[in-house]
Protein chains: 2
Amino acid sequence: MSTRDDLIEATRELMWERGYGATSPREILAASGAGKGSMYHHFPSKEALAQAALARNSDQMQAEVEQAFTLDGDALTQIRAYLTEHREALKGCQFGRLVQEPEVIEAETLRSSVGDMFAWIRAQLVVVISRGIASGELRADLDPTRTAAAIAATLQGAYVLARAAQDSSVFDDAVEGTLALLEAARA
Amino acid sequence: MSTRDDLIEATRELMWERGYGATSPREILAASGAGKGSMYHHFPSKEALAQAALARNSDQMQAEVEQAFTLDGDALTQIRAYLTEHREALKGCQFGRLVQEPEVIEAETLRSSVGDMFAWIRAQLVVVISRGIASGELRADLDPTRTAAAIAATLQGAYVLARAAQDSSVFDDAVEGTLALLEAARA
DNA sequence: GTCTATACTTGGATAGAC
DNA sequence: GTCTATCCAAGTATAGAC
């Protein structure tokens, strides 16, 4: 499409591969075919461009996650679907990785985009868990907020462990381990 | 102590704050008081210096974790101690953060140090969980390997979520959520 | 809107004197 | 062992012509 769009797409892909700090204008220009002049015409800074790319990634991620949470079935079915949606374990989570970078934490606009994304996911999980408790599927003494945080954390941590080990079976172990604990918490 | 030691200490602290890629020789020299000549006399490269610093961090971490796992008490007591040991949630895990950097993944010597560290922790957890099962504390149908991965992942993911939210209560929620699930899995 | 040229800083590392 | 000087590539951004 437009040059502006090409820039955003190239940045999306590069940030997904390399994170924010390690993605340079140079690479973005090479990947998009745009020139330096164009880039700084459309965006005032690398950060602004990254922000645009991140927003687009965010929309896409929310659409994917929503699929799992609107599936027919009980709470554990939806949670299982969320945790086992297609993931490239060794690549890590595009959002989780960003937030480990000091540069991203310092760029408040970037950090809060990621924060909002995760907050939204946890909120979805709270709904699913609360429904599971209300329907008598899950134990009434589960705290939905804490349980939701635990589930979301499992996924993020599974990426970290799998990358450290360079072995995606560690990712699967963590996910299955948490799902088994949830099974144990059935009412 | 020695200049060599000062370099390692400075690198340790900086990597803990900024990660690997974002820690420059410049900063290391400023923090350690050493000169460029000294640095490249003692270490052939930034990577070699980082490796030395990482090894030291690793030893320290193992010592801390060992305390939790040698505590008097049942399995859940030890696991709780491990998960609630003093953590600066918003800073993230010094090891987990490293492994999100492409540069670290590419530097095999660094990556495998982190990998070994986590593998060791998971192995400790497997022992604790297996003991809990054997003693009748935990349900016999728990898979120790998967459960261990889930617990280790909770911690790493809790850091990620807390940093994204810039709110350490998310960290606590995730940890407590997982501990509650483990309580539900008592025999 | 886009291009080329330019600017200035930092990163990572080497050379050679002391 | 340590210092200073130097090197070259890359990062991020601006200027000004077209």
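In what follows, every chain begins at residue 1, and chains take the letters A, B, ... in the order their sequences are listed. Predicted, not measured: the structure shown is a model, and the values here were computed from it.
For the pair B/Asp5 CG and D/dG1 P, the computed distance is 14 Å after rounding to whole Å. Computed from coordinates, the B/Leu29 CG to C/dT10 P distance equals 14 Å when rounded to whole Å. Distance CG (A/Asp6) to C1' (C/dT2): 14 Å, rounded to an integer number of Å. Atom C1' of nucleotide D/dT12 and atom OH of A/Tyr20 are separated by 10 Å, given to the nearest angstrom. Remark: C1' of D/dG1 and CG of B/Leu7 are 12 Å apart, rounded to the nearest angstrom. The nearest whole Å value for the distance from the CD1 atom in A/Ile28 to the P atom in D/dA10 is 16 Å.
Applying a 4.0 Å cut-off to non-hydrogen atoms, the residues of residues 31-46 of chain B that approach DNA chain C are B/Lys36, B/Tyr40, B/Ser45, B/Lys46, listed by residue number.
Judged by the 6.0 Å distance and 45° axis criteria, B/Arg122 is not positioned over the aromatic ring of B/Phe69.
Within the structure, every side-chain polar atom (N or O) of B/Ser24 is placed at least 4.0 Å from both OP1 and OP2 of C/dT10. In this model, the phosphate group of D/dT2 is approached by a side-chain N or O of B/Thr3 to a distance below 4.0 Å at OP1 or OP2.
Ion pairing of A/Glu9 with A/Arg56 is present here, as a side-chain N (NZ or NE/NH1/NH2) and a carboxylate O approach within less than 4.0 Å. Here B/Arg97 does not pair with A/Glu101 in a salt bridge; the nearest charged N to carboxylate O distance is not below 4.0 Å.
Using a distance-only test at 3.5 Å, with no hydrogens or angles considered, a donor-acceptor pair links the side chain of A/Lys46 to the main chain of A/Thr23.
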Between B/Glu176 and B/Arg80, is a salt bridge (Lys or Arg N to Asp or Glu O under 4.0 Å) present by the stated rule, with each step listed? CA-CA 9 Å; B/Glu176 291 302 330; B/Arg80 172 173 284 280; 3.3 Å; yes

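With rounding to the nearest 0.5 angstrom, the CD atom of A/Gln94 is 10.5 Å from the CD atom of A/Glu88.
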